[in-house]
Amino acid sequence: MTPKSTALAIRSTKPPPGPTGMWASLENIRRGWRDPLSLLTETTRKYGKVAMARFGPMRYVVVEDPVAIKHVLLDNVKNYVKSRNYSGIKLLLGNGLLTSEGDFWRRQRKLSQPAFHRDRMNGFVESMALATDAAIVRWNEMGKGRSFEVDVHEEMTRLTFHIVGLTLLSQDLLGDAEVTGKALTVAMYFANEYAESLVALPLWVPTPKNRSFVKARAALDQMVFRIIAERRARRVAEESDDPKSPGNKAKSKGDLLDMLMEARDEETGEGMSDRQLRDEVMTLILAGHETTANALTFTFYLLSKHPEILRKLQNEVREVLGDRSPQLSDLPKLSLTKRVLEESMRLYPPAWMFERQALEDDEINGFHVPKGSVIGVCTYVLHRDPDNFENPEGFDPDRFLGDPKDRAKYTYLPFGGGTRVCIGNAFAMMEAQIVLAKIVQSYRFDLLPNTKLELDPVITLRPRGGLKMKLSPRA
């Protein structure tokens with residue numbers, strides 16, 4: 001159900017500034033395909049923080065002013081829904097938390113929220129630490145005490161995939177990691193191209209890219225539906241009166257999947273179908289590990305370029321933890337660890353872009369925004385705005401010292417903002433802190449000579465082609 005928009009008095013007829021004409025529109029399309037980060041940065045610097053950029057027939061309003069962002073995400077939120085550009089990711093995720101709208105989204109959010117309550121976090125810590133230990137043991141076997149090269153993005157993706165399976169689904173998914181990683185990469189690139197295409201061919205047209213996506217999605221579906229089927233079977237066994245039933249020996253752990261299976265519609269009393277469960281689980285798998293893997297990858301890249309900060313981080317971890325694993329009570333003491341991650345996500349926000357679409361005419365910062373306009377908030381541009389951050393291109397974790405409540409609102413949005421802020425933001429930060437601290441205890445990542453980071457802004461911000469680094473055991 002689509003929410004009804006909020007009717008506001010529209011006083012202005014002045015459109016946002018920006019280039020006009022067909023040539024400018026075609027040039028935006030070309031540059032948007034090749035390098036959207038530089039296009040959006042240049043647009044705001046040249047035309048202001050509320051600017052119009054046309055892409056063919058699409059009216060695209062780039063919004064980088066904190067007040068204007070708050071207007072779209074909170075003050076007049078009922079006038080905005082996810083943009084048409086989410087159509088590609090919806091082909092992969094279906095109608096899950098990331099893509100759904102209105103009453104259905106509110107219902108699913110309410111059902112999922114308890115799984116991310118702070119009281120449950122303590123139970124997640126051990127699983128996160130154990131998964132990281134498993135990665136370290138694997139590296140020990142690969143290197144046998146010596147330095148060796150790895151693709152840090154590939155390693156972090158494998159590790160966070162392991163963690164999301166253990167914590168949210170009570171499943172060890174490492175056996176699926178390689179197949180799933182490849183399938184997700186294919187699906188994400190397809191979804192991005194599908195959304196940006198002026199004419200998107202339906203999936204039944206047997207083009208090579210369509211066939212590749214359908215195959216990748218089928219591989220992901222096979223894994224997710226297997227998890228759902230196994231859980232349903234276990235729950236049936238648990239309800240059995242037979243004390244010898246396998247289910248009675250291994251009770252469900254009350255994880256997110258259990259909560260979603262137990263949920264009932266308030267009106268009909270019906271539970272979720274396998275398809276609804278599939279959409280939510282697929283969303284969890286993508287959102288629950290892809291963004292954290294990217295954040296950790298960029299963090300190790302930045303630490304390699306700033307060895308003085310790495311030394312401070314190593315000292316903090318040694319003083320707080322010594323050689324033991326972190327506990328939930330340790331996280332407030334690992335303050336530099338958290339600031340390093342926050343600063344990394346400022347410079348390289350995994351969720352680098354989010355969009356909304358206007359249901360009715362609106363007025364933003366005195367400019368008229370017609371119905372149907374797409375609003376784009378590029379966090380990559382927002383986080384590098386000198387009006388929001390001093391020395392915005394520098395890596396300075398200490399800029400996050402002090403109370404976050406004192407920070408200017410809507411200037412730092414690594415997890416989005418407003419009513420649709422990421423449900424797992426606290427989970428992701430806790431996971432990243434634990435993983436970073438444990439790896440720093442045992443290893444360091446160093447850039448290889450002449451390494452140049454190339455960004456790949458698809459659905460998430462990734463390092464293009466991965467990121468090869470030297471992994472060295474610490475004495």
Side-chain angles (χ1 to χ4, degrees), residues 1-6 72-74 76-117 164 168-169 184 187-188 190-192 194-195 200 203 213 217 220-221 224-225 227-228 255-291 350-351 353-360 372 374-377 413 415-425 427-428 459-460:
M1 180 178 178
T2 301
K4 294 182 179 179
S5 61
T6 302
V72 173
L73 298 184
L74 186 63
N76 197 25
V77 65
K78 291 184 178 180
N79 190 49
Y80 293 93
V81 293
K82 293 289 183 81
S83 81
R84 68 191 79 170
N85 291 335
Y86 284 79
S87 59
I89 192 65
K90 198 163 188 175
L91 288 176
L92 172 62
L93 300 183
N95 204 32
L97 266 179
L98 183 64
T99 55
S100 57
E101 296 284 358
D103 291 341
F104 182 80
W105 169 79
R106 281 185 282 274
R107 173 180 176 268
Q108 298 299 94
R109 174 101 179 190
K110 183 178 179 181
L111 294 176
S112 304
Q113 191 73 55
F116 297 95
H117 193 277
V164 78
L168 300 183
L169 304 173
L184 270 177
M188 285 178 61
F190 176 88
N192 192 68
Y194 185 93
L203 291 182
F213 171 76
R217 187 176 64 178
L220 294 168
D221 280 350
V224 172
F225 281 121
I227 292 171
I228 293 170
D255 58 16
L256 181 59
L257 184 54
D258 272 336
M259 291 181 186
L260 294 176
M261 285 186 169
E262 290 168 4
R264 293 292 180 269
D265 186 278
E266 293 180 357
E267 295 182 2
T268 65
E270 294 181 356
M272 290 191 195
S273 66
D274 281 2
R275 186 69 198 184
Q276 288 175 308
L277 288 169
R278 175 266 181 209
D279 292 349
E280 297 301 347
V281 171
M282 191 76 82
T283 299
L284 282 173
I285 289 174
L286 175 63
H289 90 283
E290 166 74 16
T291 53
M353 187 79 181
F354 52 91
E355 297 175 342
R356 299 292 185 267
Q357 192 157 355
L359 295 172
E360 302 292 344
V374 174
I375 310 298
V377 179
L413 302 173
F415 298 104
T419 58
R420 296 199 65 149
V421 67
C422 175
I423 192 174
N425 55 359
F427 174 94
I459 293 171
T460 60

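Residues take their numbers from the sequence shown, with the count starting at 1. Excluded from the calculations below are hydrogen atoms, water molecules and symmetry mates; all remaining heavy atoms, backbone and side chain alike, are included. Bear in mind the structure is a predicted one, so any value in this text is a computation, not a measurement.
For the pair L359 and Y80, the minimum side-chain heavy-atom distance is 4.5 Å or more. Proximity of Q113 to I423: side-chain heavy atoms (C-beta onward) are separated by under 4.5 Å at one or more points. Using a 4.5 Å heavy-atom cutoff, the side chains of R356 and V377 are not in contact. Here the side chains of M188 and F213 are not in contact, with every heavy-atom distance at 4.5 Å or above.
Not one N or O on the side chain of Y194 forms a donor-acceptor pair closer than 3.5 Å with the backbone of I89. Within the 3.5 Å criterion, the main-chain N or O of A358 finds no donor-acceptor partner in the side chain of N79. With Q276 contributing its side chain and S273 its backbone, the two residues share a donor-acceptor pair below 3.5 Å. No side-chain donor-acceptor contact under 3.5 Å links Q357 to the backbone of K82.
Distance CG/L92 to CG/N192: 12.0 Å, rounded to 0.5 Å. With rounding to the nearest 0.5 angstrom, the CZ atom of R106 is 4.5 Å from the CG atom of D103. One finds the CZ atom of F104 at 6.0 Å from the CZ atom of R107 (value rounded to the nearest 0.5 Å). To the nearest 0.5 Å, the span separating CZ on F116 from CG on N425 amounts to 9.5 Å. Put simply, NZ on K90 and OG on S87 are 9.5 Å apart, with the number rounded to the nearest 0.5 Å. Interatomic distance, L168 CG to M259 CE, rounded to the nearest 0.5 Å: 10.0 Å.
What you find for E280 and L97 is that their closest heavy atoms are OE1-N, 3.1 Å. Taking each heavy atom of L91 and R217 in turn, the nearest pair found is O-NH1, 2.9 Å. Taking all atoms of both residues into account, the shortest heavy-atom contact from G376 to M353 is CA-CE, 3.5 Å. Of all heavy-atom pairs between I228 and R278, the closest is CD1-N, 3.5 Å. Between L260 and M272, the shortest heavy-atom contact is CD2-CE, 3.6 Å. Here the shortest heavy-atom pairing between F354 and L413 reads CZ-CD1, 4.0 Å.
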*asked:* Determine whether L169 and L257 satisfy the following criterion, side chain to side chain contact (heavy atoms under 4.5 Å, CB included), listing intermediate values before the conclusion.
replied: CA-CA 6 Å; L169 304 173; L257 184 54; 4.2 Å; yes

Q.
Could you walk me through whether L184 and L220 satisfy the side chain to side chain contact (heavy atoms under 4.5 Å, CB included) test, starting with their C-alpha distance in whole Å, then the side-chain angles of each, then the deciding distance to 0.1 Å, before giving a yes or no?
A. CA-CA 8 Å; L184 270 177; L220 294 168; 3.9 Å; yes

ask   = Between S112 and R109, is a side chain to side chain contact (heavy atoms under 4.5 Å, CB included) present by the stated rule, with each step listed?
value = CA-CA 5 Å; S112 304; R109 174 101 179 190; 6.0 Å; no

Report the C-alpha distance between R84 and E355 in whole Å, list the side-chain angles of each, state the deciding distance to 0.1 Å, and finish with yes or no for side chain to side chain contact (heavy atoms under 4.5 Å, CB included). CA-CA 9 Å; R84 68 191 79 170; E355 297 175 342; over 6 Å; no

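The pair E101-R420 meets the salt-bridge criterion, with a side-chain N (NZ, NE, NH1 or NH2) lying under 4.0 Å from an Asp/Glu carboxylate O.
For the pairing with L93, the side-chain contact (heavy atoms from CB on, under 4.5 Å) check across L284, I459, L286, D279 returns one residue only, L286.
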